[in-house]
Amino acid sequence: MNDRDYGFCPRCGALMRDGVCKSCGYSVRMEAGWQQPSMGTPGANWQQPSAGQTGTNWQQPSLQPTGRKKKRSNAAAWICGGIAVLFIGVIAVSMVFSIRGIYEKVQKENPPGYGYGYDDGYFGYGNPYEDDSYGNYDDSYEDYEPSEKDDYYKEITDATSLDLDYQVVWESVSMRPDDSDNSCTYDCVYPVLVGEEDQEKFDAMSQTIEDLVSKYKDSYRDHVSGVSSYGYVTYMDEEKISVAIRHSFYEKKTTTPRVEAITLRVDTGEVISHEEMAEVTEELVWQFRSRNSYQNGTVEFVDELSDEELMEYLKNETDSVMFYTPVGLEIGFNYEGGWVTVTLKTDTL
């Protein structure tokens with residue numbers, strides 16, 4: 001009979017094979033308390049006892065298919081992974097806004113430029129009249145302090161004074177497009193005049209200065225990466241104040257500089273014209289060429305100009321520039337791709 005197990009049914013006495021009665025259907029597994037798998041549960045999951053084993057030693061089949069359990073595990077993994085990615089994204093966005101907030105705060109509290117204090121005046125950005133901390137500077141960097149003893153003016157910088165009836169404080173503006181993908185920016189720093197008397201006059205002078213410094217505020221998006229405009233008080237006394245502005249136009253791979261300036265009478269607030277500051281004559285053209293070679297070396301654009309052409313550039317109201325400094329009168333002009341100035345050592349100060 002090999003591997004078949006035969007017997008007699010205890011219920012009806014009929015022949016049983018493999019523990020199942022062929023007559024009444026009685027089964028030793030049912031007698032041992034076995035429960036038939038429910039509808040929809042594959043019966044292949046239960047293990048049949050081998051020959052010689054009683055029904056009480058068989059292992060009850062699992063009622064939960066392994067395939068369904070795997071699917072639930074995968075779903076749980078996907079949900080956990082999604083939550084983790086979302087959490088990381090939230091943290092990244094928060095960090096970006098935090099860094100941007102810190103950057104904007106630093107920009108407002110520390111506008112572009114530098115500052116340092118001296119016994120005879122204040123040079124640099126900030127408000128030294130209210131907060132001495134603006135006078136702090138890095139000792140490792142040697143700042144330029146212009147002096148009337150210098151042979152020529154070396155770079156555009158501030159030369160303010162604390163001993164006058166009016167003072168200078170600084171305002172800054174930073175703008176960014178609403179589109180976060182647009183890297184175009186606008187940064188501007190300009191001086192504001194505060195007088196001990198006749199503040200209305202100084203307000204009007206400040207507005208004139210601000211208009212010139214921030215003239216590209218509404219058009220900075222016309223340049224790929226924006227514009228920066230920094231105003232410097234290059235000279236101030238009880239009679240006049242000069243402000244020079246350095247504009248930078250940022251394109252994709254180049255930066256185009258431009259310099260403009262304005263000088264105002266302190267008593268009336270009126271603008272001092274170039275004709276009043278220096279008369280452009282043939283002699284001045286000759287002085288300009290001589291001073292340019294001494295101060296700036298070779299400037300091909302200037303060297304290629306005729307005397308008549310150079311005179312026209314110095315007279316041009318749009319491109320010419322003049323402003324006072326502690327060293328002397330700075331005079332020059334803007335041309336395509338740059339600007340050039342020289343120092344005239346005169347007694348006009």
Side-chain angles (χ1 to χ4, degrees), residues 113-126 128 135 137 141-164 166-168 170 189-191 193 209 212-213 230-247 257-266 271-281 283-299 302 310 313-314 319-334 338-349:
Y114 58 88
Y116 55 98
Y118 290 92
D119 295 336
D120 58 346
Y122 177 85
F123 294 77
Y125 285 124
Y137 68 101
Y141 179 81
E142 184 177 354
D143 296 303
Y144 171 56
E145 181 184 1
S147 169
E148 61 182 353
K149 298 179 182 180
D150 296 341
D151 288 339
Y152 57 88
Y153 192 61
K154 297 180 180 179
E155 66 178 85
I156 297 177
T157 186
D158 293 295
T160 60
S161 174
L162 299 173
D163 302 324
L164 304 176
Y166 67 100
Q167 302 168 343
V168 175
W170 302 92
V189 177
Y190 57 91
L193 309 183
I209 294 172
L212 180 62
V213 178
Y230 301 146
Y232 300 80
V233 177
T234 59
Y235 186 84
M236 62 184 296
D237 60 17
E238 294 291 359
E239 297 180 357
K240 56 184 172 291
I241 179 171
S242 283
V243 177
I245 305 98
R246 298 186 65 166
H247 302 290
R258 180 178 176 83
V259 171
E260 298 183 62
I262 187 172
T263 300
L264 302 171
R265 289 189 175 88
V266 175
V271 177
I272 300 178
S273 66
H274 287 183
E275 289 79 7
E276 297 177 82
M277 299 169 71
E279 182 181 2
V280 180
T281 61
E283 181 180 355
L284 187 142
V285 170
W286 178 84
Q287 290 185 22
F288 188 94
R289 286 193 185 278
S290 177
R291 297 295 297 182
N292 177 61
S293 298
Y294 175 64
Q295 295 180 208
N296 305 318
T298 301
V299 181
V302 176
L310 179 55
Y313 269 100
L314 294 174
D319 294 324
S320 64
V321 57
M322 293 185 189
F323 56 93
Y324 291 108
T325 76
V327 185
L329 177 65
E330 200 72 7
I331 178 173
F333 58 89
N334 294 276
W339 55 271
V340 58
T341 62
V342 302
T343 307
L344 299 182
K345 300 285 290 184
T346 67
D347 297 327
T348 58
L349 296 181

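Computed from a predicted model, the values in this text were never measured in an experiment.
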Exercise for the section: Determine, stepwise, if the pair I245 / Y232 fulfils side chain to side chain contact (heavy atoms under 4.5 Å, CB included). Expected result: CA-CA 6 Å; I245 305 98; Y232 300 80; over 6 Å; no
Practice task
Run the numbers on F288 and L310 for side chain to side chain contact (heavy atoms under 4.5 Å, CB included), then give the verdict.
Solution key: CA-CA 9 Å; F288 188 94; L310 179 55; 4.0 Å; yes
Exercise for the section: Using the side chain to side chain contact (heavy atoms under 4.5 Å, CB included) rule, take M277 and I272 through it: C-alpha gap first, then chi angles, then the decisive distance, then the call. Expected result: CA-CA 7 Å; M277 299 169 71; I272 300 178; 3.7 Å; yes
Exercise for the section: Apply side chain to side chain contact (heavy atoms under 4.5 Å, CB included) to the pair Y190 and L212, showing each step before the final yes or no. Expected result: CA-CA 9 Å; Y190 57 91; L212 180 62; over 6 Å; no
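In terms of modelled atom types and a separation under 3.5 Å, the side chain of D158 and the main chain of T160 share no donor-acceptor contact. Counting only distance, with no hydrogens or angles, the side chain of E276 and the backbone of S273 share a donor-acceptor pair below 3.5 Å. Looking at K345, its side chain does come within 3.5 Å of a backbone N or O of E148 through a donor-acceptor pair. Proximity of a side-chain donor or acceptor of R289 to a complementary backbone N or O of V302 within less than 3.5 Å is detected. A side-chain donor-acceptor contact under 3.5 Å links T234 to the backbone of Y324. The backbone N or O of T343 sits less than 3.5 Å from a side-chain atom of R291, completing a donor-acceptor pair. At least one donor-acceptor pair under 3.5 Å links the side chain of D150 to the backbone N or O of S147. Checked by atom type and distance alone, the side chain of Y153 never pairs as donor or acceptor with a backbone atom of T325 at under 3.5 Å. Panel note: side chain Y166, backbone D237; a donor-acceptor pair is recorded below 3.5 Å.
In this structure, Y294 has its ring center closer than 6.0 angstrom to the ring center of Y152.
Using a 4.5 Å heavy-atom threshold, the side chains of R265 and K240 count as separate. Taking 4.5 Å as the limit, some side-chain heavy atom of I331 sits within range of a side-chain heavy atom of L284. Two residues are said to be in side-chain contact when any heavy atoms from C-beta on lie closer than 4.5 Å; M322 and T263 fail this criterion. Here the side chains of L264 and I209 are in contact, with some heavy-atom distance below 4.5 Å. When side chains are defined from C-beta on, V233 counts as touching W170, because their heavy atoms get closer than 4.5 Å. Using a 4.5 Å heavy-atom threshold, the side chains of S242 and M236 count as separate. Looking at heavy atoms from C-beta onward, R258 lies in side-chain contact with D319 at the 4.5 angstrom threshold. Side-chain contact check for R246 versus I156: some heavy-atom pair is nearer than 4.5 Å.
Nearest heavy atoms, P257 versus G338: CG-CA, 4.1 Å. Heavy atoms only, all atoms of each residue included: N296 and V342 are closest at ND2-CG1, 4.0 Å. The two atoms that bring V259 and W339 nearest to each other are CG2-CE2, 3.1 Å, heavy atoms only. Residue G231 comes nearest to V213 through the heavy atom pair N-CG1, 4.2 Å, listed as atom of the first residue, atom of the second, then distance.
Q295 contributes atom CD, which lies 7.0 Å from atom OG1 of T341 (distance to the nearest 0.5 angstrom).
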